[in-house]
Visitor: 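Got a structure for you, questions after.
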Amino acid sequence: AFQRCSGITSVTLPEGLVSIGNNAFYQCTGLSGELTLPDSLQTIGSNAFYYCTGAFQLTLGAGLTSVRDGAFQGDSQMTGTLTFPETMESIGPNAFVNCSSVTGLTLPKHLETLGPSAFNGCSQMVCENLTIPDGISTVSTSTFQNCKNLTGTLTIPDSVTEIGNNVFYATQFQSIVFGKNVKTIGNTAFQHNTSLTSISALPDGLESLGASAFYGCNALAGEILLPAGLQSIGSACFRDTQISKIEYHGSNIKEIQDAFFSAYLPALQTLDFSESGIEKLAYSSTAPKLTEVKLPNTLKELTLTRKYALE
């Protein structure tokens with residue numbers, strides 16, 4: 001409707017408006033002042049305010065149910081706090097990607113869909129103690145990537161079964177509480193969360209732990225018990241952490257390749273695979289404090305791929 005109308009400097013939306021269509025204010029780069037969405041508004045269409053790069057303050061309405069893909073993508077000077085009403089059902093892919101001046105976030109309790117990269121790059125968005133809404137089953141790829149002001153405790157509810165790749169990359173949570181039904185933690189899911197000091201026990205039903213999942217979480221300490229039902233472990237999962245013990249007693253994983261240990265593990269003291277079904281193990285980490293290694297009776301092949309690996 002008003003695509004690329006760069007001369008538009010303000011928009012007043014009437015009470016009674018129910019929907020803003022796709023591309024309605026696409027690249028209206030002159031938009032400034034305040035943009036207050038009426039309480040009657042339910043849906044904001046795809047790319048509705050895409051790359052409206054002017055300085056304006058957004059206030060969400062109380063009746064909003066859906067923000068579709070790319071709705072506010074690239075609005076780098078848009079300010080305000082994203083306080084979503086309890087009516088919200090869906091936040092689409094890239095909805096607020098690179099909205100780097102937004103300063104706060106409150107998610108509704110019953111949100112059902114949270115799309116990939118929804119808040120990726122919202123680097124000034126402050127939220128302490130984030131709880132993923134209970135209706136979410138998948139936290140999609142890169143949803144909160146580079147949201148450097150997400151702090152405190154991250155709580156993953158029991159409804160979540162999958163945490164995608166890069167989801168919490170470079171966030172700054174101090175602790176993580178996992179719900180009991182998480183089956184997949186994706187590649188680099190928590191990489192470079194340098195404030196992270198503790199995580200709850202990995203869920204018993206976890207099946208896949210992605211490559212570099214906790215890589216660079218250099219304050220993360222304690223012991224890690226890999227769940228018995230785990231079926232795959234990615235490379236360098238705990239690289240550059242302060243983990244002191246890694247333990248696995250499952251039977252699904254028959255081979256642990258060199259890539260899993262291709263890391264510097266400065267605090268690692270104990271590896272305990274004594275009750276596992278591992279048959280092949282390749283090890284190449286630099287772990288200067290490692291003093292105890294317990295291997296299973298099932299082991300048939302052990303490879304040290306660096307001569308100093310166990311020094």
Side-chain angles (χ1 to χ4, degrees), residues 1-3 8 10-28 31-122 124-127 129-140 142-144 147 149-150 157 159-160:
F2 302 100
Q3 295 181 42
I8 293 177
S10 65
V11 173
T12 302
L13 300 172
E15 189 62 45
L17 182 68
V18 175
S19 175
I20 298 174
N22 298 343
N23 306 307
F25 297 95
Y26 183 101
Q27 289 188 340
C28 290
L31 189 62
S32 62
E34 296 185 5
L35 176 62
T36 300
L37 305 182
D39 291 343
S40 60
L41 186 66
Q42 297 176 16
T43 302
I44 302 172
S46 300
N47 303 319
F49 295 93
Y50 178 94
Y51 275 87
C52 293
T53 54
F56 65 96
Q57 180 173 333
L58 175 67
T59 302
L60 300 175
L64 199 59
T65 62
S66 176
V67 179
R68 294 182 178 166
D69 53 292
F72 295 93
Q73 180 172 345
D75 294 359
S76 58
Q77 296 191 76
M78 181 180 75
T79 61
T81 298
L82 299 179
T83 302
F84 292 96
E86 289 302 322
T87 53
M88 277 297 296
E89 298 174 357
S90 174
I91 299 173
N94 306 307
F96 296 91
V97 67
N98 292 328
C99 292
S100 54
S101 298
V102 167
T103 55
L105 173 68
T106 302
L107 292 177
K109 295 178 181 178
H110 304 296
L111 189 69
E112 296 175 0
T113 304
L114 188 54
S117 290
F119 301 104
N120 187 349
C122 294
Q124 300 300 313
M125 187 173 68
V126 175
C127 181
N129 301 328
L130 176 66
T131 297
I132 301 301
D134 199 31
I136 300 293
S137 60
T138 298
V139 189
S140 302
S142 300
T143 301
F144 296 99
C147 292
N149 282 286
L150 300 185
S159 62
V160 172

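Here the structure is a predicted model, which is why all the values come from computation and not from measurement.
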Visitor: Heavy atoms, side chains only, cut-off 4.5 Å: are Val11 and Phe56 in contact?
Guide: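 They are not in contact (no side-chain heavy atoms under 4.5 Å apart), so the answer is no.
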
Visitor: Between Ser40 (side chain only) and Glu15 (backbone N and O only), is there a donor and an acceptor less than 3.5 Å apart?
Guide: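 Not confirmed, Ser40 side chain does not pair with Glu15 backbone.
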
Visitor: For the OG1 atom of Thr43 and the CD atom of Glu89, what is their distance to the nearest 0.5 Å?
Guide: 8.5 Å

Visitor: Using every non-hydrogen atom in the two residues, find where Lys109 and Pro133 come nearest and quote the distance to one decimal.
Guide: O-CB, 3.5 Å

Visitor: Starting at CG of Leu105, measure out to SG of Cys122 and round the result to the nearest 0.5 Å.
Guide: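 The CG atom of Leu105 sits 8.5 Å away from the SG atom of Cys122.
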
Visitor: Do Leu60 and Val67 have side-chain heavy atoms sitting under 4.5 Å apart?
Guide: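 Not in contact.
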
Visitor: Stepwise, does the side chain to side chain contact (heavy atoms under 4.5 Å, CB included) test hold for Val126 with Thr103?
Guide: CA-CA 6 Å; Val126 175; Thr103 55; 5.7 Å; no

Visitor: Taking C-beta and beyond as the side chain, do Thr36 and Leu13 meet within less than 4.5 Å on heavy atoms?
Guide: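 No, too far: nothing below the 4.5 Å cut-off.
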
Visitor: Under 4.5 Å between any side-chain heavy atoms of Gln124 and Thr79, yes or no?
Guide: no

Visitor: With the side chain counted from C-beta on, respond yes when Asp69 and Asn94 share a heavy-atom pair under 4.5 Å apart, and no when they do not.
Guide: no

Visitor: Tell me, do Val102 and Asp75 make a side-chain contact under 4.5 Å, heavy atoms counted?
Guide: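 Answer no - side chains too far apart.
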
Visitor: What distance separates Leu58 CG from Phe72 CZ, expressed to the nearest 0.5 Å?
Guide: 5.0 Å

Visitor: Report the relative orientation of the aromatic rings in Phe119 and Phe84; use parallel for angles under 30°, tilted for 30 to 60°, perpendicular for over 60°.
Guide: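 Rings of Phe119 and Phe84: perpendicular, as their planes differ by over 60°.
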
Visitor: Just how far is it from atom CD of Glu112 to atom CE of Met88, taken to the nearest 0.5 Å?
Guide: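 Nearest 0.5 Å value for the CD-CE distance: 10.5 Å.
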
Visitor: Where is the tightest heavy-atom contact between Gly45 and Ala71, given as atom of each residue plus distance?
Guide: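 For Gly45 and Ala71, the tightest heavy-atom pair comes out as O-CB, 3.8 Å.
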
Visitor: Which atom names give the shortest non-hydrogen contact between Ser159 and Asp134, and what distance separates them?
Guide: OG-O, 2.6 Å

Visitor: Can you tell me how far CD of Gln42 sits from CG of Leu17, rounded to the nearest 0.5 angstrom?
Guide: 10.0 Å

Visitor: Using the side chain to side chain contact (heavy atoms under 4.5 Å, CB included) rule, take Leu111 and Ile136 through it: C-alpha gap first, then chi angles, then the decisive distance, then the call.
Guide: CA-CA 7 Å; Leu111 189 69; Ile136 300 293; 4.3 Å; yes

Visitor: Judged by atom type as modelled, is there a donor-acceptor pair below 3.5 Å linking the side chain of Gln77 to the main-chain atoms of Thr53?
Guide: yes

Visitor: How far apart are the closest heavy atoms of Ile91 and Ala95, and which atoms are they?
Guide: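 The answer is CG2-CB, 3.8 Å.
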
Visitor: List the atom of Met125, the atom of Cys147, and the distance in Å for their closest heavy-atom pair.
Guide: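 Closest pair (atom of Met125, atom of Cys147, distance): CE-SG, 3.9 Å.
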
Visitor: Using only heavy-atom distances, determine whether the side chains of Asn98 and Ser76 contain a donor-acceptor pair under 3.5 Å.
Guide: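 Asn98 vs Ser76: no donor-acceptor pair found between side chains.
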
Visitor: Could you tell me the separation between the CZ atom of Phe144 and the CG atom of Leu130, rounded to the nearest 0.5 Å?
Guide: 5.0 Å

Visitor: Grab the two heavy atoms, one from Pro85 and one from Leu64, that are nearest each other, plus how far apart they are.
Guide: CG-O, 3.7 Å

